[in-house]
Amino acid sequence: MITIRSKIVAKRDGQYTRIVFEDLNREPTDDLKYVTVVLLPNWNYNESLDIGETGYLQFESVSAGVTKWFDREIQDFKVYNYDANYFINFIKQKEINNMKEFNFN
């Protein structure tokens, strides 16, 4: 699994939602500055993913015919059919709290 600090820059909804993330830790000329991930239809991700949001993207890069996944129905592993970066999670970045004191009354 790969985790990057990123920003959502484009999104195409559908059965297989595709989302483009900008890696905020890379130089603008870097070939890996943008990553496209696929959100699978059976991945019940209930939070909104809106363009402009920043946070930490977790994804898995898979190779067709090589990388395996566990199929609960047949209780065995299967290989992925397509090369892709599959969405795992997106943890939204919160504002940094700059308070100097915390009062726990």
Side-chain angles (χ1 to χ4, degrees):
M1 185 168 21
I2 301 165
T3 302
I4 61 172
R5 183 171 172 269
S6 61
K7 176 180 175 181
I8 301 173
V9 294
K11 181 179 174 184
R12 186 168 76 190
D13 289 315
Q15 183 178 4
Y16 292 89
T17 299
R18 291 171 182 85
I19 309 164
V20 179
F21 290 87
E22 177 184 1
D23 187 337
L24 298 176
N25 291 322
R26 293 195 181 266
E27 296 296 322
T29 57
D30 194 328
D31 288 343
L32 300 174
K33 179 72 173 167
Y34 298 94
V35 177
T36 301
V37 298
V38 177
L39 178 57
L40 299 172
N42 63 345
W43 194 257
N44 296 323
Y45 189 77
N46 297 323
E47 292 187 39
S48 66
L49 296 168
D50 300 318
I51 293 175
E53 289 184 316
T54 60
Y56 297 89
L57 167 67
Q58 295 177 314
F59 67 97
E60 180 180 15
S61 184
V62 300
S63 299
V66 177
T67 310
K68 295 181 179 184
W69 61 280
F70 187 75
D71 186 335
R72 285 189 236 172
E73 291 181 12
I74 64 170
Q75 294 293 304
D76 199 5
F77 287 92
K78 291 175 124 180
V79 293
Y80 283 96
N81 293 326
Y82 304 100
D83 291 339
N85 293 318
Y86 289 117
F87 177 92
I88 302 295
N89 196 12
F90 184 68
I91 302 164
K92 296 177 184 178
Q93 185 171 328
K94 304 288 184 187
E95 280 190 38
I96 298 173
N97 188 337
N98 291 324
M99 291 177 57
K100 294 182 180 179
E101 294 181 18
F102 290 96
N103 188 355
F104 296 102
N105 289 335

Exercise for the section: Check whether W69 and V62 end up in the same hydrophobic cluster, where Ile, Leu, Val, Met, Phe, Trp and Tyr are linked by side-chain heavy atoms less than 4.5 Å apart. Expected result: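 Yes, same cluster.
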Exercise for the section: Determine, using the 4.5 Å side-chain heavy-atom cutoff (strictly less than), whether V20 and I88 are members of one ILVMFWY cluster. Expected result: no
I'd like to check [X] versus [Y] (side-chain heavy atoms, cut-off strictly below 4.5 Å). Are they in contact?
X: F70; Y: Q75; result: yes
X: D23; Y: Y34; result: no
X: K33; Y: E27; result: no
X: N89; Y: Y56; result: no
X: I8; Y: I19; result: yes

For the [atom1] atom of [X] and the [atom2] atom of [Y], what is their distance to the nearest 0.5 Å?
X: E53; Y: S6; atom1: CD; atom2: OG; result: 10.5 Å
X: E60; Y: I2; atom1: CD; atom2: CD1; result: 8.5 Å
X: L39; Y: Y16; atom1: CG; atom2: OH; result: 11.0 Å
X: E22; Y: L57; atom1: CD; atom2: CG; result: 12.5 Å

[X] and [Y]: which non-hydrogen atoms are nearest, and at how many Å?
X: K92; Y: S48; result: NZ-O, 2.9 Å
X: A84; Y: V38; result: CB-CG2, 4.5 Å
X: S61; Y: N85; result: OG-OD1, 3.2 Å

Exercise for the section: Using a strict cut-off of less than 4.0 Å between a Lys/Arg side-chain nitrogen and an Asp/Glu carboxylate oxygen, indicate whether K11 and D13 qualify as a salt bridge. Expected result: yes
Practice task
Sequence neighbours left out, what passes salt bridge (charged side-chain N to carboxylate O under 4.0 Å, His left out) with R18? Give chain and number order.
Solution key: none
Exercise for the section: If the plane angle is over 60° it's perpendicular, under 30° parallel, otherwise tilted; pick one for Y86 and Y80. Expected result: parallel
Practice task
Fit a plane to each ring of F21 and F90, take the angle between them on a 0 to 90° scale, and name the class: parallel (under 30°), tilted (30 to 60°) or perpendicular (over 60°).
Solution key: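 Correct class here is tilted.
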Practice task
I would like to know whether L49 and E47 meet side-chain contact (heavy atoms from CB on, under 4.5 Å); could you show each step before the answer?
Solution key: CA-CA 6 Å; L49 296 168; E47 292 187 39; 5.7 Å; no
Practice task
State whether the side chain of D83 and the backbone N or O of A64 hold a donor-acceptor pair below 3.5 Å, judged by distance alone.
Solution key: yes
Handout entry: Residues that F59 engages under ring pair (Phe, Tyr, Trp, His ring centres under 6.0 Å), provided they are two or more places apart
Key =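 Listed in chain order: nothing, the list is empty.
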